[in-house]
There are 2 protein chains.
Amino acid sequence: MTTEEAARVRAGQPAEREVPDGQEYDVFARLCPSRDVFAELADKWSMLILMSLLGCGPQRFSELQRGVGGVSRKMLTQSLRNLERSGLVLRTVFPETPPRVVYDLLPLGRELAELLAPVGRWTERHAGRMVAAREEFDAAHAEG
Amino acid sequence: MTTEEAARVRAGQPAEREVPDGQEYDVFARLCPSRDVFAELADKWSMLILMSLLGCGPQRFSELQRGVGGVSRKMLTQSLRNLERSGLVLRTVFPETPPRVVYDLLPLGRELAELLAPVGRWTERHAGRMVAAREEFDAAHAEG
DNA sequence: CTGTATCCGAAATGATACTG
DNA sequence: CAGTATCATTTCGGATACAG
């Protein structure tokens, strides 16, 4: 496959992704519904929220805000609403005073979070190298 | 861990993430360098580009533009520059006329792409359910 | 073909004040 | 506590024209 595709690339032919028969969704297709979903999930705050819920368990609104450093109430609310709307996160309101609202992963969200967590850990492990690469790149492109 | 953390949450204590000793980077920390890196990668176009390069092999600029549906030249250029700058993607210019520029994954980028690919496939598999969940949510919140 | 430069409207985001 | 509403600002991103 890789070799075959590479050959196709070399030949100047379009690099078509083979879509398994019967698979209706393709994140690479601009008009595919899965693209909308993907665009929502491929977001800094959404990903951090899902990862935080996976790593720390159910959390209140304010706990999430402390856990996800730098997120504003507005963005936290917005992102949580999207995740709730798409069926990834459960929002539970305890009718106390003051009110307590707890967010938790639904099975669907947990599945996704378990795929995202490695991405976060990978980023932490290799951030040093990437920052260094940036500095090299910037230095090399400073004079020219 | 999950249980322990959950207990802490219930007790109203801060849901602190345990950071392994010696790990200097934390994507949840607003000021951590890894957060900048993560924010760059947790992006629709960056993720799709990496996934396309992994799935289809080395590709020219125009091939990538066709492969990643809906991306404009501007965003494609910008995202590729970022990925190149961070050491994830290699840009090779063949001095022909017209010029040919081929992008490929560097080892670092390939590692990441291999973590992202499952996220893309997961999204495609579950997009239907998420779209349905959205419709339910919207319907339930329409009347008020 | 592979970009760069510029403009401009749209969308994202932060800050702030207010509410149940 | 957990939001909502509003405004100001920034950033995103598409369109277009141009260039090597």
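The structure presented is a predicted model; accordingly, all values stated were derived computationally and were not measured. Residue numbers begin at 1 in each chain, while the letters A, B, ... track the order of the sequences.
- Taking every heavy atom of residues 71-82 of chain B and every atom of DNA chain C, pairs under 4.0 Å involve B:Arg73, B:Lys74, B:Thr77, B:Arg81, by number.
- With DNA chain C read from its 5' end, the first of the two nearest nucleotides for A:Gly70 and A:Pro99 is the one closest to A:Gly70.
- No side-chain donor from either of B:Glu40 and B:Ser46 sits under 3.5 Å from a side-chain acceptor of the other.
- For B:Arg60 and C:dT2, the shortest distance from a side-chain N or O to OP1 or OP2 is below 4.0 Å.
- Scanning for side-chain contact (heavy atoms from CB on, under 4.5 Å) contacts around B:Pro99 gives an empty result, with sequence neighbours left out.
- The salt bridge (charged side-chain N to carboxylate O under 4.0 Å, His left out) search around A:Arg100 returns A:Glu96, not counting sequence neighbours.
- Counting only residues at least two apart or in different chains, ring-ring contact (aromatic ring centres under 6.0 Å, His included) contacts with residues 71-122 of chain B comprise B:Trp122-B:His126.
- The end-to-end axis angle of the helix from C:dC1-D:dG20 to C:dG20-D:dC1, rounded to 10 degrees and based on five pairs per end, is 50°.
- Side chains of B:Ser52 and B:Gln59: a donor on one and an acceptor on the other come within 3.5 Å.
- Note on A:Arg91: a side-chain N or O is less than 4.0 Å away from OP1 or OP2 of D:dG3.
- Following rounding to the nearest Å, B:Asp36 (CG) and D:dT11 (P) show an atom-to-atom distance of 13 Å.
- Nearest to the side chain of A:Asp43, among C:dT13, C:dG3, D:dA2, sits C:dT13.
- To the nearest angstrom, P of C:dG20 lies 18 Å from CZ of A:Phe61.
- Contact check, B:Tyr103 against C:dG3: a side-chain N or O comes under 4.0 Å of OP1 or OP2.
- Here the C1' atom of nucleotide D:dG20 and the CZ atom of B:Phe94 are 18 Å apart, to the nearest Å.
- For residues 68-83 of chain B, no pair satisfies side-chain hydrogen bond (donor to acceptor under 3.5 Å, both in side chains), with sequence neighbours left out.
- Under the 4.5 Å side-chain heavy-atom criterion for Ile, Leu, Val, Met, Phe, Trp and Tyr, B:Val131 and B:Phe137 are members of distinct hydrophobic clusters.
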